[in-house]
Number of protein chains: 2
Amino acid sequence: MTASQSTASEGLPIGAVSKRTGVKVPTIRYYEEVGLMPPAPRSDGNRRFYGEAAIRRLAFIRHARELGFEIEAIRDLLALSAEPQASCEAADGIALRHLAEIDSKIARLTALRAEVARMTEQCSHGRVAECRVIEVLANHDACLHATH
Amino acid sequence: MTASQSTASEGLPIGAVSKRTGVKVPTIRYYEEVGLMPPAPRSDGNRRFYGEAAIRRLAFIRHARELGFEIEAIRDLLALSAEPQASCEAADGIALRHLAEIDSKIARLTALRAEVARMTEQCSHGRVAECRVIEVLANHDACLHATH
DNA sequence: GCTACATCCTCTAGCGACTAGAGGAGCAAG
DNA sequence: CTTGCTCCTCTAGTCGCTAGAGGATGTAGC
């Protein structure tokens, strides 16, 4: 709430924004290129400068990416967040779809894990000829094959 | 063990191999290109033909891919499987490293899942302005932030 | 032999979400 | 004025395929 700080008027250059948000410089430029970030205003020397709104937007994107949302989904979420009066049904839907995606990935990985763990546990640490790891890979019948 | 079958002598063309192994035709060519499969012998008309050994190798690759092994790892596993007298320590190591990878992916996804689930559960299905989904994304402090 | 049609060939480009590097310009401090 | 940092643009690479263009070959029916 207290205004009047140091860098004030024009905003921060891309490197400072990168440090503040934890998003790498080329990634910020990439987000601009694909339209997630609006084209940043430039200084005389053609350098990008970012105000508070842009930095908040970037933090939003970063957080969404950390949570595994795809660029396309983030594009939609950003559009929604710009319309505070709209129903949040759409946003909820995006999140729910993402949740389902995560669940199916976890399920798949859990099945893989069981298979690979079984392989390694049965390995007798002898010669390749009787190695369970190699054997299971070579012979699909030798495995649990739940999902794959 | 019983020999003398129909297609016998030269081997199968790529399409038949694809059907038998479930690996798509362009993918088989891709595996040859990156050196996972040896260059297939060609017919007069420049078409690839595959014998039993090649088909077994392809099945091995497919199974390993299904289990999430990377191409590089499969390359190593194939090399190892060609040396039955060697110790299977290396193969075991590759599998164990892969297992650790899977575990860390599962852990990460599980943390994400909790976060996204919490977001959606708190959504009151009202306006965007008070939507928990949008809010959490905009404000990192509003989330559990375990791993991210 | 001829005509369809399927299958095969090579080559290039695209996916997602960046990352790396070349080659050059701007800028602040000593 | 030079050093060294940050910034700029542009191209190409990552992974494991997938899609498509444009053309050759093979096979079945007539």
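All values below were derived from every heavy atom in this structure, side-chain atoms included, with hydrogens, water molecules and symmetry-related copies excluded.
For the pair Glu32(B) CD and dC8(C) P, the computed distance is 14 Å after rounding to whole Å. As rounded to whole Å, 5 Å separates atom P of dC8(D) from atom CZ of Arg29(A). Rounded to an integer number of Å, the gap from CZ of Arg42(B) to C1' of dG26(D) is 16 Å. For Tyr50(B) and dC8(C), the OH to C1' distance is 11 Å, given to the nearest whole Å. Here the P atom of nucleotide dG16(D) and the CD1 atom of Ile28(B) are 17 Å apart, to the nearest Å. To the nearest angstrom, C1' of dG26(C) lies 11 Å from CZ of Phe49(A). Spacing between atom CD of Glu33(A) and atom P of dA17(C) amounts to 14 Å, rounded to whole angstrom units. A straight line from CG of Asn46(B) to P of dG23(D) spans 17 Å, rounded to a whole angstrom.
Of the candidate nucleotides dC17(D), dT7(C), dG26(D), dT7(C) has the atom lying nearest to any side-chain atom of Lys19(B). Looking at the side chain of Arg48(A), the nearest of the listed nucleotides dC18(C), dT18(D), dC8(D) is dC8(D). When distances are taken from the side chain of Tyr30(A) to each of dC7(D), dG16(D), dA17(C), the shortest belongs to dA17(C). Ranking dG26(D), dC17(D), dT9(D) by closeness to the Arg65(B) side chain, first place goes to dC17(D). The side chain of Ile14(B) has dC9(C) as its nearest neighbour among dT19(C), dC9(C), dC7(D).
Positionally, the nearest nucleotide of DNA chain D for Phe69(B) lies more toward the 5' end than for the other of Phe69(B) and Gly45(B). In terms of position on DNA chain C, the residue among Lys24(A) and Asp44(A) whose nearest nucleotide sits closer to the 5' end is Lys24(A).
Under the 4.5 Å side-chain heavy-atom criterion for Ile, Leu, Val, Met, Phe, Trp and Tyr, Tyr30(A) and Ile28(A) are members of the same hydrophobic cluster.
At least one donor-acceptor pair under 3.5 Å links the side chain of His63(B) to the backbone N or O of Val136(A).
For dT6(D), its base sits under 3.5 Å from the side chain of Arg47(A) at one donor and acceptor pair at least.
Here the options are Ile61(B), Leu36(B), Leu80(B), the test is side chain to side chain contact (heavy atoms under 4.5 Å, CB included), and the partner is Arg75(B); only Leu36(B) passes.
Using a cut-off of 4.0 Å between Lys/Arg side-chain N and Asp/Glu carboxylate O, Glu33(A) and Arg29(A) are scored as not salt-bridged. By the 4.0 Å N-to-carboxylate-O rule, Arg20(B) lies close enough to Glu52(B) to be salt-bridged with it.
Contact between the side-chain N/O atoms of Tyr31(A) and the OP1/OP2 oxygens of dC18(C) is found at a separation under 4.0 Å. In terms of phosphate contacts, Thr27(B) brings a side-chain nitrogen or oxygen within less than 4.0 Å of OP1 or OP2 of dT18(D).
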